[in-house]
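Every chain is numbered from 1 and lettered A, B, ... according to where its sequence line falls, protein lines coming before strand lines.
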Protein chains: 2
Amino acid sequence: MDRIETIRAFVAVAQENSFTAAGRRLGLSTKLVSKYVRHLEQRLETQLFNRTTRSVALTDVGISYLERCRPILDQIDDLDSLVRERQSALAGPIRLTAPTGFGSTRLTEALVPFLQEHPQIELAMKLTDTRVALIEEGLDLAIRIGSLPDSTLIARKLSDMPMVLCASPDYLERRGRPEDPEALAAHSCLADSNQPEQNVWRIRSQGKEHVLKLDAAIQCNAPGALATMALGGLGIARSPLYAVENHLEAGRLEPVLPDCETTVLGVYALYPPNRHLSRRLRALIDHLAGEFGMRWSPGLP
Amino acid sequence: MDRIETIRAFVAVAQENSFTAAGRRLGLSTKLVSKYVRHLEQRLETQLFNRTTRSVALTDVGISYLERCRPILDQIDDLDSLVRERQSALAGPIRLTAPTGFGSTRLTEALVPFLQEHPQIELAMKLTDTRVALIEEGLDLAIRIGSLPDSTLIARKLSDMPMVLCASPDYLERRGRPEDPEALAAHSCLADSNQPEQNVWRIRSQGKEHVLKLDAAIQCNAPGALATMALGGLGIARSPLYAVENHLEAGRLEPVLPDCETTVLGVYALYPPNRHLSRRLRALIDHLAGEFGMRWSPGLP
DNA sequence: AATGATTATGTACATTTTGGAGATAAAAAC
DNA sequence: GTTTTTATCTCCAAAATGTACATAATCATT
């Protein structure tokens with residue numbers, strides 16, 4: 001039996017001077033009100049009311065008890081209201097982490113309209129390229145780019161993220177443009193050490209899978225930095241599309257082996273496996289899924 | 001499921017950062033703690049903790065919720081303490097009613113030592129010879145002298161109270177001393193109108209029951225007043241023993257038909273049929289039973 | 001990297017509690 | 001004196017409870 005309900009019944013009887021009226025007020029049967037109050041009296045081993053079938057009067061213990069119950073019930077009601085209000089308004093903190101490169105570019109661009117629309121959300125974003133333990137760090141959400149999301153957390157795939165091969169025009173002029181995947185072995189390759197198999201490039205060409213074990217001259221865990229190196233003519237970079245798409249469009253980088261298929265990663269939102277995801281977190285994830293969606297899908301112009 | 005227990009479990013987990021440690025502290029199994037917290041989260045439709053099998057962290061809603069739960073639990077614990085302390089100390093009010101005559105004499109005499117022994121008891125005594133509705137008047141105890149106690153209330157018999165016949169020596173000198181019950185018809189009789197059959201005197205003499213329907217010249221509902229009238233020589237009074245015992249001892253009144261048996265009333269303590277009688281009320285009733293006990297039993301010197 | 005210990009939780013189930021229905025007793029109104 | 005209303009008792013079908021067993025995950029140890 002819920003003790004709060006028994007106290008609530010007691011207070012209602014005290015206010016109405018009637019079990020029947022109290023029952024009407026609480027939406028309970030008179031029998032149940034009687035049972036609740038009796039249960040309370042048994043638990044306290046004291047009498048809260050003196051009563052006949054037609055009259056009810058508080059005992060002096062009952063009077064003292066009532067005085068203390070009222071504020072407690074008010075506070076309990078406020079407890080419930082607190083939670084309900086927090087849920088209904090998209091307000092409060094969201095703490096998220098993302099890889100540096102993606103976070104400072106595409107992710108931030110996507111967040112701006114969302115935060116404009118929901119000004120009460122307080123974003124705390126931590127950009128890092130090292131692996132973060134979400135729960136221990138007190139984080140709500142992690143954006144990850146990869147192939148295998150963390151198995152503890154729930155992963156919602158936001159979009160595809162193909163890895164593309166590219167180099168600067170200057171580099172290609174100097175070193176020649178590879179005509180097939182095997183030709184890559186003769187080139188300087190820039191490898192993204194964020195990937196599990198950074199030096200193993202899998203490339204599908206004309207229906208055939210090429211597994212190239214390259215001796216990457218340069219490795220870096222920051223895709224943006226790798227792009228910058230490629231811009232500087234240091235080699236052929238295998239980078240996630242988001243990091244180089246602007247350079248490709250501007251002609252500053254050129255695609256290498258454009259007819260080949262490379263690895264396609266995913267952009268994932270990772271969050272704890274809670275059964276009650278806050279509404280603002282859900283709203284953000286939905287927003288990002290909408291923003292990223294098909295943006296980097298392979299095969300699109 | 002008791003919501004207070006679920007809140008208590010939640011608070012304990014928050015403090016210990018561990019379901020297992022919280023369970024140890026509360027004397028509950030880890031499974032039950034888990035169940036309680038989950039129940040609370042379901043009821044609130046929000047997540048209070050983020051957790052893995054090895055780490056627990058409050059959500060921000062959980063932090064706000066915790067801050068408000070702590071004082072509520074303290075107040076609920078105080079609620080329980082309040083009642084327990086009131087029970088353990090013989091303190092607080094006792095409101096009782098009694099017939100005027102008995103209340104101002106024998107009852108008051110009996111109360112003095114009890115109140116001296118229990119100075120924290122606050123007595124409110126209402127002396128009246130009219131019938132009092134205990135519960136409606138907010139009274140705890142009624143002392144009644146009669147034969148049939150009120151059937152709604154619980155009656156605890158404290159002692160016998162015989163009705164005695166007596167008159168002043170002057171009256172008896174003037175009007176003669178009755179030799180048998182039937183002779184009373186020729187006398188002025190003073191009847192106590194508190195009795196249901198004030199004018200029907202039942203007297204047992206030599207094994208025979210005499211039912212006398214007297215035309216009482218004087219009726220009064222105050223035994224003390226009747227005694228005073230008897231002292232003034234106005235007739236033969238049938239009074240409860242307590243009201244005349246001092247006069248009899250001093251010779252101011254003499255017994256009439258002393259070898260006969262008259263009605264024997266009872267002194268009763270009446271109180272509401274509550275299952276939890278306060279300790280101080282019980283203590284008072286026990287004390288009065290001890291004081292009055294055999295004091296007015298028929299046949300004693 | 002594999003293994004063991006510990007923690008949190010899911011599922012099943014015997015037991016206990018719950019809340020309603022019917023009945024009873026008492027008190028007040030008529 | 002009778003009727004109506006109120007408070008409560010008892011019984012019981014349904015629901016909830018709390019434990020036991022098992023599972024999965026995480027961290028420490030080897």
- Message: Apply side chain to side chain contact (heavy atoms under 4.5 Å, CB included) to residues B/L107 and B/L96 and explain how you reach the verdict.
- Response: CA-CA 11 Å; B/L107 180 58; B/L96 72 79; 4.1 Å; yes

- Aromatic ring pairing A/F10/A/F49, orientation class (parallel under 30°, perpendicular over 60°, tilted between): tilted

- Message: Taking side chain to side chain donor-acceptor pair (under 3.5 Å) as the definition, give me every residue that meets it alongside A/Q42, ordered by chain and number, with sequence neighbours left out.
- Response: none

- Identify, residue by residue, the members of residues 11-24 of chain A with a heavy atom below 4.0 Å from DNA chain D, and return them in order of residue number, or none. A/S18, A/F19, A/T20

- Round to a whole Å and report the spacing from NE2 of B/H39 to C1' of D/dA15. 12 Å

- Task: Figure out the CG/P separation between A/N50 and C/dA27, and round it to whole Å.
- Result: 13 Å

- Applying side chain to side chain donor-acceptor pair (under 3.5 Å), name anything that partners A/R8, two or more places apart in sequence or on another chain. A/D77

- Query: Can a side chain N or O of A/R51 be found less than 4.0 Å away from OP1 or OP2 on C/dA26?
  - Reply: no

- Over how many whole Å does the gap from A/E5 atom CD to D/dA16 atom P extend? 14 Å

Hey, can you pull the donor-acceptor pairs under 3.5 Å for the side chains in residues 61-72 of chain B, sequence neighbours left out?
unit_1, atom_1, unit_2, atom_2, d
B/S64, OG, A/R86, NH1, 3.2
B/S64, OG, B/D60, O, 3.3

- Task: Round to a whole Å and report the spacing from CD of B/Q42 to P of D/dA16.
- Result: 12 Å

- Task: Tell me what B/F49 touches on the nucleic acid: a base, only sugar-phosphate, or nothing, going by heavy atoms under 4.0 Å.
- Result: nothing

Can you give me the N/O atom pairs linking the protein to nucleotides 12-15 of chain C at distances under 3.5 Å, or say none if there are none?
none

- Residues from residues 27-34 of chain A sitting under 4.0 Å of DNA chain C, heavy atoms only? A/S29, A/K31, A/L32

- Please give, in whole Å, the distance from D/dG18 C1' to B/Y36 OH? 8 Å

- Message: Under the rule for side chain to side chain donor-acceptor pair (under 3.5 Å), what residues qualify as partners of A/T53, not counting sequence neighbours?
- Response: none

- Message: Which residues pass the side chain to side chain donor-acceptor pair (under 3.5 Å) test with B/E5, not counting sequence neighbours?
- Response: none

- Quick one: closest heavy-atom pair of B/D140 and B/P93, and the distance? OD2-O, 3.9 Å

Polar atom pairs (N or O), protein with nucleotides 28-30 of chain C, under 3.5 Å:
unit_1, atom_1, unit_2, atom_2, d
C/dA28, OP1, B/E136, OE2, 2.9

- Using the salt bridge (Lys or Arg N to Asp or Glu O under 4.0 Å) rule, collect all pairs that involve residues 44-54 of chain A, keeping only residues at least two apart or in two chains. A/E41-A/R51

- With B/R43, which residues qualify under salt bridge (Lys or Arg N to Asp or Glu O under 4.0 Å), at least two apart? A/D80

- Item | Pairwise salt bridge (Lys or Arg N to Asp or Glu O under 4.0 Å) hits with a residue in residues 21-33 of chain A, at least two apart | A/E16-A/R25

- Message: Both A/T53 and B/T53 contact DNA chain C. Taking the nearest nucleotide for each, which residue is further toward the 5' end?
- Response: B/T53

- Query: Are side-chain heavy atoms of B/L284 and B/I121 found at a separation under 4.5 Å?
  - Reply: no

- Note on the structure: Between A/M125 and A/G103, the two heavy atoms sitting closest are CE-O, 3.9 Å

